[in-house]
Amino acid sequence: MGIVEIFRQIPDIHFTENENMAEKTSLKVGGAARFFACPESVRSFGLCISAATDNGIDYKIIGNGTNLLVSDKGYDGLVLCTKNLNRLLLDKGEIVSLCGTPLKRFADFVSGSGRTGAEGLAGIPATVGGAICQNAGAFGVTVSDFLYEVTSIRRGKIIRRKKDDCLFGYRNSVFKENGEFVVSAKFRFPKRKFKTADNYGAMRQKSQPAGRTCGSVFLNPPNGYAGKLIEGAGLKGCTVGGASVSVKHANFIVTETGAKAVDVYRLIEKIKTEVYAKSGVLLKEEVEYLGEF
């Protein structure tokens with residue numbers, strides 16, 4: 001039996017070949033993935049991983065595709081999208097979420113349950129699983145702050161960890177380092193005593209560009225900010241092909257219609273080179289690459 005037949009026999013998935021990844025990422029650039037699957041259950045998610053592993057197929061798990069730059073040459077493997085693993089539950093005071101739940105929906109659910117603490121996460125264009133892996137955060141709050149337990153998969157084995165065993169750090173976790181994939185998580189948020197004004201959306205609109213971006217391109221270096229270093233190197237508005245450094249926030253790259261992934265890649269390399277020459281700081285990408293560049 002061929003690999004296509006194997007994938008097509010997995011229940012509860014949407015499976016396609018040669019999927020245009022420009023339509024699946026926020027930068028709207030890049031080529032096609034050889035295989036693309038959206039599982040609708042945790043079981044089918046695990047079966048897809050097993051099928052790829054057993055048949056020597058490279059795979060990449062994505063949520064909203066907001067932190068991803070796909071090569072114009074495409075990706076000769078399986079892209080496994082978690083967007084259909086989008087469920088939330090309030091169970092005995094705990095918020096339980098599957099990995100594909102968008103952070104905006106997650107934050108709204110927490111608030112709707114009469115709890116507080118997730119408001120600052122609402123504007124991050126990520127899913128719960130991806131946010132946990134990256135330990136994403138904004139406005140002084142990270143997704144791990146109220147996390148209690150994480151369930152993940154590694155080599156077909158289910159693993160459960162309490163927060164202290166997840167080794168959370170700045171934009172880092174055990175899941176990012178060892179190849180585990182977050183399936184679900186439990187959170188404990190305090191009950192809200194009174195209604196507070198939510199100004200996070202307005203703050204984000206004021207400081208960050210709209211349109212086709214991947215969020216922050218670079219990690220902040222110790223005791224500094226990537227955006228300030230890029231601005232200090234005179235790179236605001238710098239353009240390579242159809243990609244440019246945002247004039248609103250220098251740690252964002254914006255793409256135009258017709259842009260190529262290689263434009264973004266070359267602009268990232270230019271930023272790293274010129275910031276290093278100006279400040280001696282070598283910036284490290286927060287955006288992830290998929291395929292050959």
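For the numbers below, each heavy atom of this structure counts, side chains included, while hydrogens, waters and symmetry mates do not.
Checking Asn135 against Ser144 by side-chain atom types alone, a donor-acceptor pair falls below 3.5 Å. Using a 3.5 Å distance cut-off with no hydrogens or angles, the side chains of Ser111 and Asp108 do not pair a donor with an acceptor.
Considering SG of Cys214 and NZ of Lys28, their distance stands at 13.0 Å, rounded to 0.5 Å. A distance of 8.5 Å separates CZ of Phe175 from CD1 of Ile159, quoted to the nearest 0.5 Å. For the atom pair CG (Leu69) and OH (Tyr265), the distance works out to 9.5 Å, reported to the nearest 0.5 Å. To the nearest 0.5 Å, atom SG of residue Cys38 and atom CG of residue Asp12 are 12.5 Å apart. Rounding to the nearest 0.5 Å gives a distance of 10.5 Å between NZ of Lys162 and CG of Leu147. Within the model, atoms CG of Leu88 and OG of Ser113 stand 10.0 Å from one another, a figure rounded to the nearest 0.5 Å.
Panel note: side chain Asn55, backbone Ala51; a donor-acceptor pair is recorded below 3.5 Å. When atom types are taken as modelled, the side chain of Asn172 and the backbone of Gly169 share no donor-acceptor pair closer than 3.5 angstrom. Side chain of Ser216 to backbone of Phe218: no donor-acceptor contact under 3.5 angstrom is found. A donor-acceptor pair under 3.5 Å is absent between the side-chain atoms of Thr25 and the main chain of Leu68, judged by distance alone.
Each ring pair (Phe, Tyr, Trp, His ring centres under 6.0 Å) pair with one or both residues in residues 58-92, not counting sequence neighbours, appears once here: Tyr59-Phe181.
By the side chain to side chain contact (heavy atoms under 4.5 Å, CB included) test, Asn220 is found to be paired with Tyr170, Tyr225, Ala226, residues two or more places apart in sequence or in another chain being considered. For Val240, the side chain to side chain contact (heavy atoms under 4.5 Å, CB included) test picks out Arg266, Leu267, Lys270, with sequence neighbours left out.
Within the 4.5 Å cutoff, no side-chain heavy atoms of Phe15 are placed close to those of Cys48. Considering only heavy atoms from C-beta on, Val245 stays 4.5 Å or farther from Phe252 through its side chain.
Counting all heavy atoms, side chain and backbone alike, Ile13 lies closest to Ala37 at CD1-CB, 4.4 Å.
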Kindly list each side-chain donor-acceptor pair under 3.5 angstrom involving residues 17-24, sequence neighbours excluded, with atom names and distances?
residue : atom : partner : partner atom : Å
Glu19   : OE1  : Thr16   : OG1          : 2.7
Asn20   : OD1  : Ala22   : N            : 3.1

Contacts table for residues 285-293: side-chain donor-acceptor under 3.5 angstrom, sequence neighbours left out:
residue : atom : partner : partner atom : Å
Glu285  : OE1  : Lys272  : NZ           : 3.3
Glu285  : OE2  : Lys272  : NZ           : 3.3
Glu285  : OE2  : Tyr289  : OH           : 2.9
Glu288  : OE1  : Lys60   : NZ           : 2.4
Glu288  : OE2  : Gln134  : NE2          : 2.8

Anything under 3.5 Å between a donor and an acceptor, one on a side chain of residues 93-100, the other on a protein residue two or more places apart or in another chain? List them.
residue : atom : partner : partner atom : Å
Glu94   : OE2  : Arg188  : NE           : 2.8
Glu94   : OE2  : Arg188  : NH2          : 2.9
Ser97   : OG   : Thr101  : OG1          : 3.2

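Residue Lys104 qualifies as open at atom NZ: its count of foreign heavy atoms under 6.0 Å is 12 or below. No more than 12 heavy atoms of other residues, nucleotides or ligands sit less than 6.0 Å from atom CZ of Arg160. Sparse packing is recorded around CZ of Arg43, with 12 or fewer heavy atoms of other residues, nucleotides or ligands lying under 6.0 Å away.
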Run the side-chain contact (heavy atoms from CB on, under 4.5 Å) test on Leu283 and Ile230 for me, step by step, so that the C-alpha distance in whole Å, both residues' side-chain angles and the decisive distance to 0.1 Å come before the verdict.
CA-CA 9 Å; Leu283 294 176; Ile230 297 167; 3.9 Å; yes
List the steps and the verdict of side-chain hydrogen bond (donor to acceptor under 3.5 Å, both in side chains) for Ser44 and Ser41.
CA-CA 5 Å; Ser44 59; Ser41 68; 3.0 Å; yes
Test side-chain contact (heavy atoms from CB on, under 4.5 Å) on Arg212 and Leu27; report intermediate values, then the result.
CA-CA 5 Å; Arg212 296 161 41 148; Leu27 283 167; 5.5 Å; no
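The same ILVMFWY cluster, assembled from side-chain heavy atoms under 4.5 Å apart, contains both Ile61 and Ile57.
In summary, Lys260 and Asp72 do not engage in a salt bridge, as defined by a charged side-chain N under 4.0 Å from a carboxylate O.
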